[in-house]
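Numbers restart at 1 for each chain; the letters A, B, ... are given by sequence-line order, proteins then strands.
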Amino acid sequence: MNKKQVAEILDEIGTLLELKGENPFKARAYHNAARTISGLTKEIDVLITSGELATIKGIGEALTEKITELVAAGRLVYYEELKKSLPPGLVEMLGIPGLGPKRIKTLHDRLKISTIDELAAAAKEHRIASLDGFGEKIQLSILEGIEQLKKHAEAFLYPVARMEAEKIIVYLKKIGGIKRIEVAGSLRRKKEIIRDIDILVAARESDAPKIMQAFVNYGEVDTVLAHGETKSSVRLKSGIQADVRIVSEKEFPFALQYFTGSKEHNVAMRSLAKKADIRMNEYGLFRGESKKSILCKSEEEVFEKLKLQYIPPELRENLGEVDAAARRAIPQLVEEDDIRGTLHVHTIYSDGVNTMVQMSAAAQAKGWEYLGIADHSVSAAYAQGLTIDRVKKQWKEIDELNSIFKKFVLLKGSEVDILADGSLDYPDRILESFDYVVVSVHSKFKMTEKDMTARIIKGLKNKYATILGHPTGRLLLSREPYPVNMIDIVNAASDYGKAIEINSHPMRLDLDWRLCRYAKEKHVPIVITPDAHSLEGLDDIAYGVGIARKGWLEKKDVANTKRRKDFVTFLKGFR
DNA sequence: GCCGTTTTCGGCCCGACTGTTTTCAGTCG
C-alpha cells in the first residue's frame, strides 16, 4: 500500500466520522493526517520502518498504529468497521451543495435515506420540508443540487477559469467605484484544476450595492446562488461558479491574503498569528483585544507584520511554507522571464500544424535563444511518426536553418515512444545523432503498475534518453494517469542522470507539482516544455512555469533557464 | 485524535450567508 492509498483511506475515515456525528476535531485530525501524508517525499513503508512516522507533526500514537496496520496488513479493521456502519450513499450526498454532515445525518436518522435516489424521491414527495431545521427552500435546493451534481460534477482547467475570471474583471471595471480588483483563490495559487473563481474588490461601502447588482446581472450568469452586500456567488453559463467579495480599500491587503487561501494555509497562518497574540481575519490583524487593525498597505506588509518572509501565492498549500517563511527560507521561485528556450515542440513533420521556420520565428520573438524540435517517432503512426529517412531529411533542414540563424539555434530532438517492452522506437545508431531525446509512453496504457514502472525505467535507462516526457500520461479531467510508481521513476531518473519535463500543456501539467520538490531533492534537472503543436502552444510554457513555482523550483532547478551555450553543454553531458 | 515556553487536560480559525428561526444552526470557504 502506498502513500496515496493511505492518505485516501485516512481522508475517508475523517469524512465517515463527520457523518456519524463524532467529535469534529477527531475527524479533522484524520483529514490533516491524510494531507500531511500525501505531501511527504519519502514512501510510507520507509517511514514506518525507520520510526520517523511517529515524529511527524499531526501523527500521534493512534494514527501511527493505524497506519502501520494499514501498510503491514493491507487493511485496517477500524476503517472496515466504520465503513460497514454507514451506507455509501451518504458520502456521495456531501457533494450536494447545502448538505453537510449534520443534515445528511438527520435525513438518514429520521427518514432512513441512504442514497441520492432516495433523497430525490423524498424531496419530490415533500417529506423533507417538514423536518426540524429543514424547510421548503432547503428541500428545493436539494433537488436542484442533485441536478447540478449530475450536470456540473466536472471541474475546469486553469486556462478556462482564468479566461472567465478576466472577462468578469473587465466587465466589473466598467461599473465605476472599483478601487482595486484582483483574482484570489485557487486561480491565484495556480492550481491545475479550478472549481470556482474568487474575485476580490476594494470599494467604498456606498458603492458596494451597485457593484454587486452589476455582478449578478452580468450577461454570462446562469444562476444567482447568493446575493449579499459584501459577498455574492453565481453559476456562470459555462458551469463554473464565481464569487465576488467587496471590502474597503484599507481591508484589501488582508482580504487578498485571506481569500487566496488555501484554507489549510490560512489555518496555519492564523494559528501562528495567535501565538503572537494576534487575531487575523479578512479585515485585518488585531493585537490582543484591540478592535483596531494593525495598518498594512499591501499583502507583503501583512506577512512582514507577522515576522514572515513573503510567501508567493503558488506556495500557499500548507506544505511547510509558513515554517519556511518564519525561517526566511522561502526560495526565489523561477519566473517566466528566466526561460531562455525550450524543448519538445512538434512541427508539420509529425502532428504539429506549423513549420520549423514558423516555430523558430515565434520562439525568437519570445526572446528565446534555442528551440528543440521533437516530432514523434516511427511507431506513433496516429501522429505521422517519422521514418528514419524523414528524420534525416529534418536534420538536413535544421542544419540549413542553423546556418542562417544568429544568436539562436534549433536543436535536433525527437519524442521517442517507449514501447511496451521498454525499448525505444529508433535504433541506437539513430538516437545517438540527436541533440536530445524525449522518451514517452503513448500506447498500451493498461499495464500493471509494476510493469509500467519497469517499462518506463527501462526506456529512461537507455544511454541516449535525455528527458522523460509527460511521466504519468494523464489528461486532466479526461484521462486518468496510467498506473506508475512515480517515486521509483524519479529515483531512476536520479540514478541514471536523466531529466524530467514539466509538460506545460494545460491538460497535462505533468510532472505534477507535488513531486517537483522530490525531484529537486534528488537533483533531477527539470525542463519546462510546451509540447507545442502550434505557435500558440508555445505560450503554454507560462502554465508550466506556474507548476514549477508550485513545486518550489528555483531558476537553478530548471535547465532551460540556462543561456544557449550552457544549455547545449548541458545536453552534451547526456552523451 | 493531536498537542504543549499556558504540557497530560482542555482547546482545536473565523466570519458571511441562508434558511430556519425570534436568537440560531448548518454550510461554505
Side-chain angles (χ1 to χ4, degrees), chain A residues 10 13-14 16-19 21-36 54-67 78 82 93-107 128-142 144-145 184-189 194-200 208 212 224-234 241-247 251 254-255 257-286 316 318 322:
Chain A
L10 294 179
I13 291 175
L16 293 168
L17 291 173
E18 284 169 10
L19 285 170
E22 296 248 357
N23 178 357
F25 297 106
K26 183 172 168 180
R28 191 192 292 174
Y30 277 93
H31 288 305
N32 287 343
R35 225 193 129 63
T36 302
T55 67
I56 295 169
K57 200 163 179 273
I59 297 175
E61 219 181 314
L63 274 166
T64 302
E65 207 180 312
K66 291 197 168 74
I67 294 165
Y78 173 72
L82 191 62
M93 281 181 219
L94 282 170
I96 298 168
L99 280 192
K102 298 267 173 64
R103 286 184 181 145
I104 292 174
K105 189 174 186 316
T106 305
L107 289 166
I128 290 173
S130 53
L131 288 175
D132 278 350
F134 288 78
E136 288 291 337
K137 286 204 172 166
I138 288 181
Q139 178 169 270
L140 194 65
S141 91
I142 286 174
E144 285 169 356
S186 53
L187 260 177
R188 185 157 182 251
R189 300 200 313 277
I194 306 293
R195 293 184 190 276
D196 66 353
I197 295 168
D198 295 294
I199 292 174
L200 184 66
M212 274 309 182
V224 177
L225 304 168
H227 181 185
E229 286 196 0
T230 63
K231 178 188 169 180
S232 294
S233 294
V234 301
Q241 185 177 323
D243 300 345
V244 166
R245 292 285 299 234
I246 302 180
V247 296
E251 293 160 343
F254 307 102
Q257 189 282 326
Y258 181 90
F259 289 113
T260 297
S262 66
K263 196 177 153 197
E264 293 80 3
H265 167 87
N266 284 350
V267 169
M269 288 285 286
R270 262 189 232 114
S271 93
L272 179 126
K274 214 179 158 182
K275 280 180 195 150
D277 196 28
I278 294 174
R279 186 167 47 88
M280 72 187 292
N281 59 29
E282 59 262 60
Y283 304 116
L285 292 178
F286 305 90
R316 302 184 197 168
N318 193 29
V322 178

Donor-acceptor pair between A/R316 and A/S262 side chains, under 3.5 angstrom: no

Mind calculating the distance between CD1 (A/I138) and P (B/dC17) to the nearest angstrom? 18 Å

Ignoring hydrogens and angles, tell me if any N or O in the side chain of A/R279 forms a donor-acceptor pair with the backbone of A/L285 under 3.5 Å. no

Students often get this wrong, so: under 4.0 angstrom with heavy atoms, is A/D132 touching a base, only sugar-phosphate, or nothing? nothing

Tell me what A/L17 touches on the nucleic acid: a base, only sugar-phosphate, or nothing, going by heavy atoms under 4.0 Å. nothing

Backbone N or O of A/A129 within a donor-acceptor pair of the A/Q139 side chain at under 3.5 Å? yes

Name the pairing partner of B/dG26, where a pair is Watson-Crick or G-U wobble with both distances under 3.5 Å, or state none. B/dC17

A/R279 CZ to B/dC12 P, in whole Å, measures 14 Å

I'd like to check A/L272 versus A/M269 (side-chain heavy atoms, cut-off strictly below 4.5 Å). Are they in contact? no

A/L200 atom CG is separated from B/dA16 atom C1', nearest whole Å, by 14 Å

Between CG of A/L140 and P of B/dG19 the distance, given in whole Å, is 10 Å

Interatomic distance at P, B/dT6 relative to B/dC2, whole Å: 23 Å

Taking only the P atom of each, what is the distance from B/dG11 to B/dA16 in whole angstrom? 24 Å

Taking the side chain as everything from C-beta on, heavy atoms only, tell me whether A/H265 gets closer than 4.5 Å to A/V322. yes

Trace of the salt bridge (charged side-chain N to carboxylate O under 4.0 Å, His left out) decision for A/E282 with A/R245: CA-CA 11 Å; A/E282 59 262 60; A/R245 292 285 299 234; 3.4 Å; yes

Note: for A/K66 and A/Y283 on DNA chain B, the residue whose nearest nucleotide lies more 5' is A/K66

Taking only nitrogen or oxygen atoms into account, show me every contact under 3.5 Å that the protein makes with nucleotides 25-29 of chain B, one pair per line with its distance.
unit_1: B/dT27; atom_1: OP1; unit_2: A/G100; atom_2: N; d: 2.7
unit_1: B/dT27; atom_1: OP1; unit_2: A/G100; atom_2: O; d: 2.9
unit_1: B/dT27; atom_1: OP1; unit_2: A/R103; atom_2: N; d: 2.9
unit_1: B/dT27; atom_1: OP2; unit_2: A/K102; atom_2: N; d: 3.3
unit_1: B/dC28; atom_1: OP1; unit_2: A/G98; atom_2: N; d: 2.6
unit_1: B/dG29; atom_1: N2; unit_2: A/Y258; atom_2: OH; d: 2.6

A/N32-A/E264 side chain donor-acceptor pair, cut-off 3.5 Å: no

Reckon A/T230 touches a base, only the sugar-phosphate, or nothing at all at heavy-atom distances under 4.0 Å? sugar-phosphate

When all nucleic acid strands are considered with a 4.0 Å heavy-atom cut-off, which category describes A/K275: base, sugar-phosphate, or nothing? nothing

Assess whether atom CD of A/E65 is packed by more than 12 heavy atoms of other residues, nucleotides or ligands within 6.0 Å. no

Given atom CG of A/N266 and atom P of B/dC12, what is their separation to the nearest angstrom? 17 Å

Along DNA chain B (nearest heavy atom to each residue), the more 5'-positioned of A/F134 and A/R28: A/R28

Specify the separation, in whole Å, of atom CG of A/N23 and atom P of B/dC9. 17 Å

Using atom C1' in both nucleotides, what's the gap between B/dG1 and B/dT5 to the nearest angstrom? 24 Å

Separation of B/dT20 C1' from A/I142 CD1 (nearest whole Å): 13 Å

Tell me the interatomic distance from A/I128, atom CD1, to B/dG19, atom P, rounded to whole angstroms. 15 Å

